[in-house]
2 protein chains.
Amino acid sequence: MRRLPTVSDVAEAAGVSRQTVSNVLNTPEIVRAETTERVRAAIERLGYRPHASARRLRTRRSSTIGVRLDPGADGMSGSLLDRFLHALVERADADGLRVLLYTAVDEDAEIATFERLLDGADVDALVLTSTHYGDRRIPWLVEHDVRFVTFGRPWGEHDTTDRSHRWVDVDGRVGVRAATASLLEQGHRRIAFLGWPEGSGTGDDRRAGWREAMLAAGVPDADMTALDLGVEEDPLDLGIGGRAVAAVAPRPDAVVCASDSLALGARLALGPDVPVVGYDDTPVARALGFPSVAQPLDEVAAAVLELLASDEGDHHRLLAPRLVRR
Amino acid sequence: MRRLPTVSDVAEAAGVSRQTVSNVLNTPEIVRAETTERVRAAIERLGYRPHASARRLRTRRSSTIGVRLDPGADGMSGSLLDRFLHALVERADADGLRVLLYTAVDEDAEIATFERLLDGADVDALVLTSTHYGDRRIPWLVEHDVRFVTFGRPWGEHDTTDRSHRWVDVDGRVGVRAATASLLEQGHRRIAFLGWPEGSGTGDDRRAGWREAMLAAGVPDADMTALDLGVEEDPLDLGIGGRAVAAVAPRPDAVVCASDSLALGARLALGPDVPVVGYDDTPVARALGFPSVAQPLDEVAAAVLELLASDEGDHHRLLAPRLVRR
DNA sequence: TTGTATGCGTTATCAA
DNA sequence: TTGATAACGCATACAA
């Protein structure tokens, strides 16, 4: 591979000093237009590109953000991370940012990875997904003054006031409410909710959306308890949701689900005649043709980068999902 | 964030020179055990970590490999890339390598990205997926003397002799042959192959596996033509494979498919009574419970890194897939 | 076996 | 507005 031109080469070719070349690149406003022109021409002619490592060493910034590639993803929801990542990489590239992947088996290992990544100036910001209640990563990052944004609310008391933790999330409650409303509009009344056991922020949020829509339609609270299903999902046993929903008597008119894999279970158990709505709009939903609540991953990625970049403005973004009708 | 300790700090703390610290890290065999011990203790005590950017600047290597995050992935096959990526990141981490993502809309854009990534010493090797016949990226990389490995054969004449192009691939022919054989063992004879139109390396390879198994079982060549289905897959029309297979009269006993999404189409069109085997063992196959040919992505990732690292030995690896029976 | 001197390519500081 | 000088942290050639 040929030797790459450096600032010195450009400086020599343009008849200026190295520093001036650097200024043209980094602070063009303080350089005279004519000089800028000459330097730019030289850059073009020589095919000069700044050496990323040298710049990083000097500036102590890497312009790289780290993202964890989730190990536990079951593939179905995994494709969600995949799509988010894609959107993120695309947006980041436009801002001159790179995306570095890492993995970790558990939280302690992940924190150890943070240290490695940050100390070596490999990354200077992190994007975290799949946050959960009591996440130990968050306080660690705050304490070590690391710039980060999570895709997912902390689900704590001070969600929207805590300025030390920036997050972007999608309003699942609104999404599930819309899904439920659309089933109600179609004339269904006994609409079951198939989600996870109470206690998970995300799951309870989605459940709340279903309840709201049902209440608004005048369904009494007492009628809802029998239709409120919470199961522990298991990638190896996709039938669990189906069995739960099949056990409801009388049979529900329709089912709103907290995930596409739950929806798949319901669909397989009840057949195509009972309308089912999923969540995340995965390939499975498209393949089987049931509606699903889609997260606006492009917007999420854009918001994540905005929060990462700016010091002022809001620190939290709650985005609206979209119901994909089929 | 605190100021990070450097080699100098460690040297001072251990009462040696910077060079000795560097030697302990990079060429431990030339340092006296006692000195090593003292230096290691100082490293531990100070929490020293080498600064990645500085090392990269000096060594002119980034220890980072670039991987493209595919834009066109339809989600179902996309999860394949996802799983491969995960395996790759995990293995790479063990070797002290980082994985950087990039995207590109087409080949020209991707080549432009190569230049940016390589010139800036952002990455010093690339892993390419979804290679195809006449791939312009390959000659560009070879010409520019860039280290790379592709996951996927070039499907050219000189596949196995061309030492300038290292690749790892999975033997689809063997996989589909095994899938077909298992159906034959179950007593099925009219086994259709649902794949893509002739002309794609991967597709034709898988088709050949089906033909081999059928021939070995004594099915005459003439009987096979009516069972040999090739359709253009379309993420928006998953029914296309199903329609093709439903149009075969008399109805096939079973169907071997070149992908899980084709298998899904066949399954939906023919119902659960006609055995179907897919390819890639995606969540869809697990969800619907049909067998599928699984690519050993862990092994692929390991092989990719081996080929990337070593200058001698083989330059190509053809790995055996595994039939997941269900 | 250990230490000294130098440079990788860039940008920050300060003087001209 | 531009230029000289130093420094970022590390690793290598060479000397001791």
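Numbered from 1 within each chain, the chains take letters A, B, ... in sequence-line order. For clarity, every value in this text was computed on a predicted model and none was experimentally measured.
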* **Position toward the 5' end of DNA chain C (nearest nucleotide), Glu29(B) or Leu57(B)** => Glu29(B)
* To do: Please work out whether the ring planes of Phe114(A) and Tyr102(A) are parallel, tilted or perpendicular, with thresholds of 30° and 60°.
  => perpendicular
* Compare the minimum distances between each of dA11(D), dT10(C), dT11(C) and the side chain of Arg58(B), then state the nucleotide with the smallest one. => dA11(D)
* Identified side chain to side chain contact (heavy atoms under 4.5 Å, CB included) partner of Val31(A) from the options Asn23(A), Val39(A), Val21(A), Asn26(A) -> Asn23(A)
* For Arg55(A) and dT11(C), is the shortest distance between a side-chain N/O and OP1 or OP2 below 4.0 Å? -> yes
* Asked: Any Lys/Arg nitrogen of Arg116(A) or Asp93(B) sitting under 4.0 Å from an Asp/Glu carboxylate oxygen of the other?
  -> yes
* **Candidates Val304(A), Asp135(A), Leu141(A) - the one meeting side chain to side chain contact (heavy atoms under 4.5 Å, CB included) with Leu128(A)** => Leu141(A)
* Asked: Is it true that Arg56(B) and Asp122(A) make a salt bridge, defined as a side-chain N closer than 4.0 Å to a carboxylate O?
  -> yes
* Structure fact -> Contact check, residues 10-23 of chain B vs DNA chain C, heavy-atom distance under 4.0 Å, returns Val16(B), Ser17(B), Arg18(B), Gln19(B), Thr20(B)
* Asked: Between dC10(D) atom C1' and Tyr48(B) atom OH, what is the distance in whole Å?
  -> 7 Å
* How about His165(B) and Thr150(B): does a side-chain donor come under 3.5 Å of a side-chain acceptor? -> yes
* **Contact under 4.0 Å: Arg32(B) side-chain N or O vs dT2(C) OP1/OP2** => yes
* **Listed nucleotide nearest any side-chain atom of Val31(A), set dT2(D), dT10(C), dC8(D)** => dT2(D)
* **Among dT11(C), dC8(C), dG9(D), the nucleotide that comes nearest once only the side chain of Arg60(B) is considered** => dC8(C)
* Expressed in angstrom and rounded to an integer, what is the separation of Ile30(A) atom CD1 from dG3(D) atom C1'? -> 11 Å
* Structure fact -> Rounded to whole Å, CD of Glu34(A) lies from C1' of dT2(D) at a distance of 13 Å
* To do: Take atom CG of Asp9(A) and atom P of dG9(C), then tell me their distance rounded to the nearest Å.
  => 9 Å
* Asked: Between dT13(C) atom C1' and Asn26(A) atom CG, what is the distance in whole Å?
  -> 15 Å
* Asked: At what angle, to 10 degrees, do the two end axes of the helix from dT1(C)-dA16(D) to dA16(C)-dT1(D) meet, given five pairs define each axis?
  -> 40°
* Which part of the nucleic acid, if any, lies within reach of Arg61(B) when heavy atoms closer than 4.0 Å are counted: base, sugar-phosphate only, or nothing? -> nothing
* Mind calculating the distance between CZ (Arg49(A)) and P (dT10(C)) to the nearest angstrom? => 13 Å
* To do: Could you tell me whether the phosphate oxygens of dT2(D), OP1 or OP2, come under 4.0 Å of any side-chain nitrogen or oxygen in Thr35(A)?
  => yes
* Asked: Can we say Asp169(B) and Arg317(B) salt-bridge, meaning some charged N sits less than 4.0 Å from an Asp/Glu carboxylate O?
  -> no
* To do: Run the salt-bridge test on Asp311(A) and Arg147(A) with the 4.0 Å N-O cut-off and return the result as yes or no.
  => yes
* Asked: Between Arg166(A) and Asp314(A), is there a side-chain N and carboxylate O pair less than 4.0 Å apart?
  -> no
